Amino acid sequence: MLRPADSQGRTVTRTLSGDPLGGTVRRTVLPSGLRVLTEAIPTMRSVSFGIWVGVGSRDETGAQAGVSHFLEHLLFKGTHKRTALDISSEIEAVGGETNAFTTKEYTCYYARVLDEDLPLAIDVMVDLVADSVLNPEDVETERGVILEEIAMHDDEPGDEVHDIFARAVYGDHPLGRLISGTEETVTPMTRRQIQSFYRRRYTAPSIVIAAAGNLDHATVVKQVRRALAGGPLDTAPAGPAGHRPNTPAVRIRTAATVVEPKETEQAHVVLGCPGIDRLDERRFALGVLNNVLGGGMSSRLFQEIRERRGLAYSVYSYASQYADTGLFAVYAGCAPGKVDEVLDLTRAELAKVAAHGLTDAELARGKGMTKGSFVLGLEDTGSRMSRLAKGELLYGDLLSVDELLARVDAVDADEVNSLAAELLAAPMSLAVVGPFGEGDFGTGD
């Protein structure tokens, strides 16, 4: 397990692993509780640098819905030292790139640069996250941008249906809301509300800084401390934030059907159920199960629905995991007249696996797919950086690649089949976007 800061508020550095497939991983906890993790990969000539904040859309009240995402936009608009143009031009002048994203449980700001330009990236990214001005005129400009983003999302039924499904399962709980918020919540949001959220939530103990590539850990820590010095995140000694509290408590709704009537050429459906949380020891078995069911062209659902019958172009399964809950679902996009057949086939395939489990060949293939995706997903500095941050922020532990592969190898048929029987036999919620009425799929919501 990852260890907290020194009890006297001193900087503590530890070597976590020396990964044969990567480099040496080190972790430093600053007196403020902010954590810095790096993976030194001398064979690379680039570095990915990220600032991860343990705050997302599930931390918002109903009236605040969308404030995390709004803030993500605004932090690039200028600090006391830099204008928005300065932020973008300084990184682009050295061929680097910056971006950010908001999820339901965390927000990430990142840059990728040549190794020699890492000091610049650290200074710019720490500055924008720690000391944004949030000018009133920028709030109004970005409000318009976000409202356009929300409208664009509404025009993408293949994306919208997943949000509708989350709402069907979680209802009014923050996990059931849009990360972006809605027009009704974003339009009246004030600068004061955003500023208050920023200063209350963006605190040193809740922040993890991660970097991977051709770097020296001690130098990175020194540069981070220099960038933080005298700023809002250069605070009194504190310990790192602990595991995310389960508040508000998640209450799973009774299985429901939600239809969004739209005159689309293609119908979009998501059928699924509550899953497991991200610390559940069965998450490796779920990865194997997911791959066999709908994780690739050889999966059961792809073969049955697309290859044998040609009923859909896109069909796949997926699992989402949060601190205290999760989702398992199947998505399909097909002609409106084929929806019933696609849903019947999907339900039948899920029922088969729930009742009879996987074959030995499927288990072996699912484990191979899961291991391959782990390793192939770590072939660049960005994914390595993300692995460090997520291990620290979400799991409180950092498994080496060899440990991850061993955990997948240890998955056996009984574990997968027991999980399949539990999940896939549960009542399923259904989300549909397409040219249908509320009563076309049973009771609507």
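Computed from a predicted structure; not experimentally measured.
Considering only residues two or more places apart in sequence or on other chains, Phe374 meets the ring-ring contact (aromatic ring centres under 6.0 Å, His included) condition with none of them. Under the ring-ring contact (aromatic ring centres under 6.0 Å, His included) criterion, Tyr316 pairs with Tyr331, sequence neighbours left out. Partners of Phe436 under the ring-ring contact (aromatic ring centres under 6.0 Å, His included) rule, at least two apart in sequence or in another chain, are Phe441. Partners of Phe328 under the ring-ring contact (aromatic ring centres under 6.0 Å, His included) rule, at least two apart in sequence or in another chain, do not exist in this structure. Partners of Asp440 according to the side chain to side chain donor-acceptor pair (under 3.5 Å) rule, which considers only residues two or more places apart in sequence or in another chain, do not exist here.
At least one donor-acceptor pair closer than 3.5 Å links the side chain of Asp280 to the backbone N or O of Arg282. No donor-acceptor distance shorter than 3.5 angstrom exists from the side chain of Arg253 to the backbone of Asp172, with no hydrogens or angles considered. Of the possible polar contacts, none joining the Glu341 side chain to the Lys338 backbone as a donor-acceptor pair under 3.5 Å is found. A donor-acceptor distance shorter than 3.5 angstrom exists from the side chain of Thr346 to the backbone of Val342, with no hydrogens or angles considered. When atom types are taken as modelled, the side chain of Thr141 and the backbone of Glu137 share a donor-acceptor pair closer than 3.5 angstrom. A side-chain donor-acceptor contact under 3.5 Å links Glu60 to the backbone of Gly66. When atom types are taken as modelled, the side chain of Arg244 and the backbone of Glu105 share a donor-acceptor pair closer than 3.5 angstrom. Glu142 contributes no side-chain N or O that, together with a main-chain N or O of Leu74, makes up a donor-acceptor pair within less than 3.5 Å. Remark: side-chain polar atoms of Ser196 are not paired, donor with acceptor, to backbone N or O of Gln193 under 3.5 angstrom.
Put simply, the side chain of Thr203 does not reach to within 4.5 Å of the side chain of Thr235, judged on heavy atoms. The shortest distance between side-chain heavy atoms of Leu343 and Leu430 falls below 4.5 Å. Using a 4.5 Å cut-off on side-chain heavy atoms (C-beta onward), Asp59 and Ser68 make no contact. For the pair Thr264 and Pro435, the minimum side-chain heavy-atom distance is below 4.5 Å. Side chains of Leu271 and Arg347 form a contact here, defined as non-hydrogen atoms less than 4.5 Å apart. Thr28 places none of its side-chain heavy atoms less than 4.5 Å from the side chain of Arg26. A heavy-atom distance below 4.5 Å is found between the side chains of Glu90 and Leu120. Thr219 places none of its side-chain heavy atoms less than 4.5 Å from the side chain of Leu118.
For the residue pair Ser57 and His69, no side-chain donor N or O sits within less than 3.5 Å of a side-chain acceptor on the partner. Under the 3.5 Å distance criterion, with hydrogens and angles disregarded, a donor-acceptor pair is assigned to the side chains of Thr102 and Glu72. Between the side chains of Thr79 and Asp131, no donor-acceptor pair of N or O atoms lies under 3.5 Å. Of the N and O atoms on the side chains of Thr83 and Asp86, at least one donor lies less than 3.5 Å from an acceptor on the other residue.
Listed here is the closest heavy atom pair of Val139 and Leu134: CG2-O, 4.3 Å. Listed here is the closest heavy atom pair of Val169 and Pro274: CG1-CG, 4.2 Å. The minimum heavy-atom distance linking Val186 with Ser180 is given by the pair CG2-O, 3.5 Å. For Arg177 against Ala65, the heavy-atom pair with the smallest separation is CD-CB, 4.2 Å. The heavy-atom pair separating Gly382 from Ser48 by the smallest distance is N-OG, 3.2 Å. Residue Gly96 comes nearest to Val113 through the heavy atom pair CA-CG1, 4.0 Å, listed as atom of the first residue, atom of the second, then distance.
Using bins of under 30°, 30° to 60° and over 60° for the plane-to-plane angle, the ring pair Tyr170/His173 lands in the tilted bin. The aromatic rings of Tyr318 and His162 sit perpendicular, their planes meeting at an angle over 60°, well past the 30° parallel limit.
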What verdict does the side chain to side chain contact (heavy atoms under 4.5 Å, CB included) test give for Met44 and Arg384, after you've listed the backbone C-alpha separation in whole Å, the side-chain angles of each residue and the deciding distance to 0.1 Å? CA-CA 12 Å; Met44 306 294 289; Arg384 289 260 168 186; over 6 Å; no
Going through the distances and angles, do Phe76 and Ser88 end up as a side chain to side chain contact (heavy atoms under 4.5 Å, CB included)? CA-CA 8 Å; Phe76 284 89; Ser88 59; over 6 Å; no
Show, in sequence, the C-alpha distance, side-chain angles and deciding distance for Arg58 and Asp324, and conclude whether the salt bridge (Lys or Arg N to Asp or Glu O under 4.0 Å) test is met. CA-CA 12 Å; Arg58 78 170 296 178; Asp324 48 351; 2.9 Å; yes
Can you check side chain to side chain contact (heavy atoms under 4.5 Å, CB included) on Gln321 and Leu286, steps first, answer last? CA-CA 11 Å; Gln321 291 163 303; Leu286 180 59; 3.9 Å; yes
Is there a side chain to side chain contact (heavy atoms under 4.5 Å, CB included) between His80 and Val133 once you walk through the steps? CA-CA 6 Å; His80 289 95; Val133 176; 4.1 Å; yes
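Screening residues 200-229 for salt bridge (Lys or Arg N to Asp or Glu O under 4.0 Å), with sequence neighbours left out, gives no hits.
The CD atom of Gln223 sits 9.5 Å away from atom CG of Asp123, with the distance rounded to the nearest 0.5 Å. Within the model, atoms CE of Met189 and OG1 of Thr187 stand 9.0 Å from one another, a figure rounded to the nearest 0.5 Å. In this structure, Tyr109 OH and Leu128 CG are separated by 8.0 Å, a value rounded to the nearest 0.5 Å. To the nearest 0.5 Å, the span separating CD1 on Ile305 from SG on Cys334 amounts to 8.5 Å. Here the CH2-OH distance, from Trp52 to Tyr110, works out to 9.5 Å after rounding to the nearest 0.5 Å. For the atom pair CG (Leu327) and OH (Tyr322), the distance works out to 5.5 Å, reported to the nearest 0.5 Å.
Using a 4.0 Å cut-off between charged nitrogen and carboxylate oxygen, Arg191 and Glu140 do not count as a salt-bridge pair. Salt-bridge annotation for Glu160 and Lys262: present, with a side-chain N of the basic residue lying under 4.0 Å from a carboxylate O of the acidic one.
Counting heavy-atom neighbours within 6.0 Å of Asp159 CG, excluding the residue itself, gives a total above 12. Under a cut-off of 6.0 angstrom, the local environment of OH in Tyr313 is sparse, with at most 12 non-hydrogen atoms contributed by other residues, nucleotides or ligands. Residue-environment remark: CD (Glu183) stays at or below the threshold of 12 foreign heavy atoms within 6.0 Å.
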